[in-house]
Amino acid sequence: MRNKEWIAMVLAGGRGTRLGVLTKAVAKPAVPFGGQYRIIDFTLSNCKNSGIDTVGILTQYQPLTLHAYIGNGAGWDLDRKGGGGVHMLPPYASATGGEWYTGTADAVYKNREFIEQFEPKYVVVLSGDHIYKMDYSVMLDQHKLRQADVTVGVLEVPWREASRFGIMETTASGRIIDFVEKPYHPKGNQASMGVYIFTWNALKQYLMKDAAQVGSSHDFGKNIIPTMLAAGQRMYAYHFNGYWKDVGTLASYWEANMDLLGDSPKIELDDAAWPVYSPGRSLPPHYHGAMARVSSSLIAGGVTILGEVENSVIFPGAYIGDGVTVKNSVIMPGARMEQNASVDGAIVIPNTVITARMNGEEDSGIIQVVTQSTTQEAAVQVSLAV
């Protein structure tokens with residue numbers, strides 16, 4: 001098979017338990033986002049736009065929806081034959097046995113034969129559940145210039161959030177001299193984005209050592225990165241200054257959708273220079289009734305709006321009935337807001353029928369997650385730290 005300078009391995013098997021009902025039936029990367037996308041679209045679009053044409057997608061939890069959605073990769077122009085393309089890589093049994101992936105590093109280790117067939121010089125390891133736009137080719141240029149064994153995508157996070165991330169200390173030249181995964185008392189706020197470029201020959205050695213290590217979590221942040229750092233490998237930070245969000249909680253998921261709105265959104269979906277791709281569906285145009293009012297919102301195809309929508313994201317097939325008011329909310333595919341219903345600061349999951357009045361309290365940190373079991377008498381509220 002034709003040699004590749006670089007390939008990408010996308011970690012897409014996470015359960016995303018903190019997203020609650022949103023990941024009950026699908027893996028976190030497959031959760032709908034932004035009106036017509038799924039979360040993984042951003043990572044795959046980054047690969048396409050950066051010039052990576054060979055992508056392995058490591059799946060595990062509830063993979064069927066994700067597999068069907070990605071298909072042969074045509075939605076991202078990654079349907080290559082004989083020299084790349086998208087490859088779905090769930091756990092599998094071999095002659096020596098088989099088991100689930102036990103960590104992020106283990107998932108890549110168990111697919112080393114897949115990687116080896118392309119004989120890449122560099123391997124990009126990515127998460128499939130982050131919202132951001134990033135040119136990995138610029139990061140690769142720095143990796144080559146520094147003759148690095150590892151380059152880690154880094155951004156500064158608020159100090160109050162630093163304990164949620166892998167935190168590193170660097171020299172003036174950007175060389176990493178300390179790395180601690182999710183420190184209880186962080187010494188800094190330079191956080192790992194979960195975006196890594198490895199020189200494959202170096203990574204391969206450490207994956208094999210880690211696989212044989214009893215008691216290892218087989219995780220990049222907890223094991224591989226600290227071990228390579230302790231061994232003196234050349235490790236550098238690549239500083240990223242754009243928008244990036246880990247939508248790992250209901251609050252962050254809601255916030256990321258709200259970040260798409262307004263006259264100056266924090267992340268633009270209509271950037272012709274860096275498009276966000278998705279397979280898309282053939283749907284009729286959305287319909288606004290004569291009395292409908294829509295402001296500062298994203299409205300997908302197949303939506304009917306007879307009421308009022310303000311500062312919200314409305315997914316395909318949703319129905320906003322007469323007299324309905326939707327504000328500061330995410331209305332997911334197929335949800336129906338019946339006559340005179342009202343939500344504010346809510347996430348309404350797919351195919352839910354809402355007739356109750358919901359009073360969101362965005363400023364006090366209460367975001368409502370409206371589920372299919374919601375009735376007029378009993379609404380579900382989840383208290384979140386926004």
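One is the number of the first residue; the rest follow in order along the sequence.
Enclosure of atom NZ in K245 by more than 12 non-hydrogen atoms of other residues, nucleotides or ligands within 6.0 angstrom is indicated. Surrounding CD of E156 are at most 12 heavy atoms belonging to other residues, nucleotides or ligands under 6.0 Å away. Atom NZ of K182 is surrounded by 12 or fewer heavy atoms from other residues, nucleotides or ligands within 6.0 Å. For K204, the NZ atom counts as densely surrounded, since its 6.0 Å shell holds more than 12 non-hydrogen atoms of other residues, nucleotides or ligands.
Put simply, L203 and V150 are part of the same group of oily side chains (I, L, V, M, F, W, Y) that touch within less than 4.5 Å, one to the next. Both F198 and M235 belong to a common hydrophobic cluster when Ile, Leu, Val, Met, Phe, Trp and Tyr are linked at side-chain heavy-atom distances under 4.5 angstrom. No single ILVMFWY cluster, assembled from side-chain heavy atoms under 4.5 Å apart, contains both V276 and I52. Hydrophobic cluster membership differs between I115 and V86, with clusters built from Ile, Leu, Val, Met, Phe, Trp and Tyr side chains linked at under 4.5 angstrom. Following chains of ILVMFWY side-chain contacts shorter than 4.5 Å, one can reach W76 starting from V195, so the two form part of one hydrophobic cluster.
Side chain to side chain, N328 and D344 meet the donor-acceptor criterion of an N or O pair below 3.5 Å. Counting only N and O atoms by type, the side chains of E268 and W274 include no donor and acceptor under 3.5 Å apart. Checked by atom type, the side-chain pair D41/Y69 shows a donor-acceptor distance below 3.5 Å. Of the N and O atoms on the side chains of Y206 and Q233, at least one donor lies less than 3.5 Å from an acceptor on the other residue. T199 and D149 share no donor-acceptor pair across their side chains, judged by distance under 3.5 Å alone. Between T102 and D106, the side chains place a donor N or O and an acceptor N or O closer than 3.5 Å (distance only, hydrogens not considered). For T54 and H87, the side-chain atoms include no donor-acceptor pair closer than 3.5 Å.
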**OP:** Report the C-alpha separation of E5 and K144 in whole Å, then their side-chain angles, then the decisive distance to 0.1 Å, and conclude whether the salt bridge (charged side-chain N to carboxylate O under 4.0 Å, His left out) test is met.
**Re:** CA-CA 12 Å; E5 181 182 33; K144 294 177 180 177; 2.5 Å; yes

Original post:
Run the salt bridge (charged side-chain N to carboxylate O under 4.0 Å, His left out) check on K266 and D259 step by step: do they pass?
Top reply: CA-CA 5 Å; K266 293 183 180 179; D259 286 344; 3.7 Å; yes

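Counting only heavy atoms from C-beta outward, the side chains of T59 and L89 never approach each other to under 4.5 Å. Put simply, the side chain of Y196 does not reach to within 4.5 Å of the side chain of T151, judged on heavy atoms.
In plain terms, the two heavy atoms of K28 and L19 that are nearest each other are CG-CD1, 3.8 Å. In terms of heavy-atom proximity, S50 sits nearest to M134 at OG-O, 3.5 Å. The two residues A335 and I349 make their nearest non-hydrogen contact at CB-O, 3.9 Å.
K48 pairs in a salt bridge (charged side-chain N to carboxylate O under 4.0 Å, His left out) with only one of the listed residues (D79, D53, D77), which is D77. Across Y236, W200, W6, Y122, a single residue satisfies ring pair (Phe, Tyr, Trp, His ring centres under 6.0 Å) together with H143, and that is Y122.
Scanning for side-chain hydrogen bond (donor to acceptor under 3.5 Å, both in side chains) contacts around Y136 gives N46, Y132, with sequence neighbours left out.
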Could you go through residues 283-304 and list every donor-acceptor pair under 3.5 Å that involves a side-chain atom there, pairing it with any protein atom two or more places apart or in another chain?
unit_1, atom_1, unit_2, atom_2, d
S297, OG, S295, O, 2.8
S297, OG, N311, N, 3.1
S297, OG, S312, N, 3.1
S297, OG, S312, O, 3.4

